[in-house]
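Have a look at the structure below before the remarks.
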Amino acid sequence: REAIADDRDGILALRAAAFGETDAYKREPAFWTWEFRRGYAGEATIFVAEAGDRIVGHIGFIPQHYETPVGPARAALAVDGMVHPAFHRREIFSAPTRHAAGSLRGRFAFALGLQIRKASLGGMVAGGWRTIDRLPVLVKPLSFARLGRDFGLPLPERSRVRARSPQVRSITAEDLALLSTDGTAVRQPRTSAFAQWRYVERPHTTYTIDGWLEHDELR
């Protein structure tokens with residue numbers, strides 16, 4: 001079924017059972033409220049599976065604004081797919097994802113999930129979703145010397161100051177109103193509303209934000 005606000009504590013209890021201490025801050029009500037109730041594009045749509053009086057399966061869809069070559073589109077991003085460990089291999093995850101696929105049709109132009117766990121991908125496919133593409137993640141070390149020291153190599157410390165462009169400076173939440181979002185690709189624009197929600201209002205995380213300013217626009 002579709003979840004309601006009163007399901008919050010049951011959902012957080014399921015997260016504790018499914019993930020333990022991994023990302024423990026996500027079990028706090030303030031974080032849940034920020035992620036699912038106060039999104040920059042509106043409240044999330046959540047689907048849950050129940051057994052008796054407890055929630056044993058979950059998947060949420062956070063609304064997002066996208067730009068496409070044919071105009072703006074309202075989309076939904078799948079997040080937090082989880083199943084209680086006592087209910088694995090009983091289609092507890094594929095059933096909500098299948099129900100979600102039908103329920104979301106008509107509410108959004110498209111829905112997507114960026115699956116980082118194989119178990120979640122399998123449950124989505126079993127629920128009728130399709131794999132469109134694969135997105136590689138490329139990691140670039142900022143300092144090979146620091147990486148070597150982390151592995152115990154006796155490398156000396158060096159102090160180095162990297163020159164910055166005069167157009168780059170630290171910015172504040174007020175600067176986000178200057179953000180420019182030109183472009184024609186299919187993308188989620190990093191608008192001032194998105195950046196405010198994602199980097200300023202997010203609980204338990206403090207970001208230092210630099211910006212490139214050009215002709216009084218934050219590019």
Open item on the list: Would you say CZ of Phe151 has more than 12 non-hydrogen atoms from neighbouring residues, nucleotides or ligands within 6.0 angstrom?
Closed with: no
Task: ILVMFWY cluster, Trp129 and Val79 together (side-chain gap under 4.5 Å) - done: no
TODO: Please report the closest heavy-atom contact between Gly81 and Phe93, naming both atoms and the distance.
DONE: CA-CE1, 3.5 Å
Open item on the list: Keeping Arg98 on the side-chain end and Ala126 on the backbone end, is there a donor-acceptor pair under 3.5 Å?
Closed with: yes
Task: Greater than 12 external heavy atoms within 6.0 Å of Phe144's CZ - done: no
- [ ] Spell out, yes or no, whether Val83 and Val48 are grouped together once hydrophobic residues are joined by side-chain heavy atoms under 4.5 Å, including indirect joins.
- [x] no
Task: Step-by-step side chain to side chain contact (heavy atoms under 4.5 Å, CB included) determination, Leu112 to Tyr66 - done: CA-CA 12 Å; Leu112 70 156; Tyr66 272 72; 3.9 Å; yes
- [ ] Could you tell me whether the side chain of Arg27 and the main chain of Gly20 form a donor-acceptor pair under 3.5 Å?
- [x] yes
Task: Heavy-atom pair with the smallest gap, counting every atom of Leu176 and Ser192 - done: O-CB, 2.8 Å
Task: Near-ring test His65/Tyr40, centroid separation under 6.0 angstrom - done: yes
Task: Which atom of Leu213 lies closest to which atom of Arg169, heavy atoms considered - done: CD2-NH2, 3.6 Å
TODO: Could you tell me which non-hydrogen atom of Thr68 sits nearest to which non-hydrogen atom of Gly71, and how far apart they are?
DONE: OG1-O, 2.7 Å
- [ ] Please answer whether the main-chain N or O of Arg37 pairs with a side-chain N or O of Trp32 as donor and acceptor at a distance below 3.5 Å.
- [x] no
Open item on the list: Quick check for you: to the nearest 0.5 Å, what is the distance between Leu178 atom CG and Glu214 atom CD?
Closed with: 13.0 Å
Task: Gap separating the CH2 atom of Trp212 from the CG atom of Leu218, nearest 0.5 angstrom - done: 12.0 Å
- [ ] Evaluate side chain to side chain contact (heavy atoms under 4.5 Å, CB included) for Val125 paired with Gln115, printing each intermediate quantity in order.
- [x] CA-CA 11 Å; Val125 172; Gln115 303 299 331; over 6 Å; no
Task: Hydrophobic cluster identity match, Leu77 and Ile46, side-chain contacts under 4.5 Å - done: yes
TODO: Give the C-alpha distance, both sets of side-chain angles, the deciding distance and a yes or no for side chain to side chain contact (heavy atoms under 4.5 Å, CB included) between Val56 and Arg90.
DONE: CA-CA 11 Å; Val56 298; Arg90 292 169 60 177; over 6 Å; no
Task: Inter-residue atom distance Phe110.CZ - Gln64.CD, 0.5 Å rounding - done: 8.5 Å
Open item on the list: Testing the basics here: between Phe108 and Pro63, what is the closest heavy-atom pair and its distance to 0.1 Å?
Closed with: CE2-CB, 3.9 Å
- [ ] Spell out, yes or no, whether Ile92 and Phe19 are grouped together once hydrophobic residues are joined by side-chain heavy atoms under 4.5 Å, including indirect joins.
- [x] no
Task: Heavy-atom donor-acceptor pair, His84 side chain to Ala17 backbone, under 3.5 Å - done: no
Task: Test item: Asp7 and Arg1 side chains (from C-beta on) under 4.5 Å apart, heavy atoms - done: yes
- [ ] Flag the pair Asp175 / Ile209 as yes when at least one side-chain heavy-atom distance between them is below 4.5 Å, and no otherwise.
- [x] no
TODO: Kindly compute the distance separating OG1 (Thr191) from CD (Glu67), expressed to the nearest 0.5 Å.
DONE: 9.5 Å
Open item on the list: With a 3.5 Å distance limit and no angle check, can you tell me whether Arg198 reaches the backbone of Arg190 through a side-chain donor-acceptor pair?
Closed with: no
Task: Pairwise distance NE2(His99) to CD(Glu2) - rounded to 0.5 angstrom - done: 6.5 Å
- [ ] Report whether Phe47 and Ile4 are members of the same hydrophobic cluster (ILVMFWY, side-chain heavy atoms less than 4.5 Å apart, transitive linking).
- [x] no
Open item on the list: Can a donor-acceptor pair be found, under 3.5 Å and without considering hydrogens, that links the side chain of Arg38 to the backbone of Phe36?
Closed with: no
Task: Gap between atom CG of Leu14 and atom CD1 of Ile11 - 0.5 Å precision - done: 8.0 Å
Task: Closest non-hydrogen atom pair, Gly127 against Thr97 - done: CA-OG1, 3.5 Å
Task: Any donor-acceptor N/O pair, Trp34 side chain to Trp197 backbone, under 3.5 Å - done: yes
